[in-house]
Amino acid sequence: METVLVVPVAMLVVAVGVQLALWAVAGEAAQLAADQAAMTASALGASASQGQAVAQRILQRSAVAGHWTVQVVEDGGTVAAEVEGRVASVVPGWFPTVQAVRREPRAHFRPG
């Protein structure tokens with residue numbers, strides 16, 4: 001009776017390992033997109049929409065997650081980029097998400 005449980009348990013362990021690896025890769029993609037979006041949008045003369053476009057291009061290349069949302073907000077002297085996505089599911093019923101945030105000071109020209 002015990003050997004009957006070995007195969008399903010082993011398959012579950014492998015699936016959870018694959019799911020965690022996908023989650024880690026998606027987290028890296030989300031952080032890269034947030035970093036690049038904030039740095040682009042905070043540049044002198046740049047806009048939040050330019051930062052958002054950069055993040056979207058980065059995330060289009062990521063196949064481990066989908067349903068990405070990117071929000072770039074200018075707040076006074078700071079630009080904040082937030083990226084969120086849902087990781088592809090390998091384990092039935094488990095839909096992990098990733099989230100990354102980056103804040104950058106807005107670049108200003110100071111003559112003199």
Side-chain angles (χ1 to χ4, degrees):
M1 189 59 110
E2 293 173 6
T3 57
V4 174
L5 292 177
V6 171
V7 172
V9 169
M11 289 176 61
L12 181 62
V13 168
V14 169
V16 168
V18 170
Q19 187 70 70
L20 290 173
L22 290 173
W23 176 75
V25 171
E28 290 292 323
Q31 190 62 58
L32 174 65
D35 292 348
Q36 292 299 314
M39 287 190 285
T40 298
S42 67
L44 188 63
S47 67
S49 61
Q50 288 172 314
Q52 189 162 356
V54 166
Q56 292 291 350
R57 280 195 301 273
I58 291 169
L59 296 171
Q60 285 174 351
R61 297 181 187 142
S62 173
V64 296
H67 306 289
W68 290 106
T69 58
V70 177
Q71 189 173 25
V72 180
V73 179
E74 299 177 57
D75 183 21
T78 304
V79 174
E82 183 175 333
V83 176
E84 190 172 329
R86 188 171 9 162
V87 180
S89 180
V90 176
V91 178
W94 185 20
F95 303 98
T97 60
V98 291
Q99 183 178 3
V101 176
R102 175 72 180 252
R103 296 185 195 290
E104 285 287 322
R106 172 63 99 175
H108 296 285
F109 176 71
R110 295 187 183 132

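For E28, the CD atom counts as loosely surrounded, since its 6.0 Å shell holds 12 or fewer non-hydrogen atoms of other residues, nucleotides or ligands. Within a 6.0 Å sphere centred on CH2 of W68, heavy atoms belonging to other residues, nucleotides or ligands number more than 12.
Remark: of the listed residues T40, V79, V83, V79 is the sole one forming a side-chain contact (heavy atoms from CB on, under 4.5 Å) with V72. A side-chain contact (heavy atoms from CB on, under 4.5 Å) with V101 is found for exactly one of Q31, Q71, E82, namely E82.
Taking all atoms of both residues into account, the shortest heavy-atom contact from V98 to A26 is CG2-O, 3.9 Å. Residue A29 comes nearest to S62 through the heavy atom pair CB-OG, 4.0 Å, listed as atom of the first residue, atom of the second, then distance. Here the closest heavy-atom approach between residue R102 and residue A34 is recorded as CB-O, 3.6 Å. When all heavy atoms of A38 and A81 are compared, the pair lying nearest together is N-CB, 3.8 Å.
Judged by distance alone, the side chain of Q19 and the main-chain N or O of V91 form a donor-acceptor pair under 3.5 Å. A distance-only check finds a donor-acceptor pair linking the side chain of Q52 to the backbone of V70 [under 3.5 Å]. Judged by distance alone, with hydrogens and angles left aside, the side-chain atoms of S89 form a donor-acceptor pair with the main-chain N or O of W94 at under 3.5 Å. No donor-acceptor pair closer than 3.5 Å links the side chain of Q36 to the backbone N or O of V54. Between the side chain of R106 and the backbone N or O of A41 there is at least one donor-acceptor pair closer than 3.5 Å.
In the hydrophobic clustering of this structure, L32 does not group with L59; members are Ile, Leu, Val, Met, Phe, Trp, Tyr whose side-chain heavy atoms approach within less than 4.5 Å, directly or through other members.
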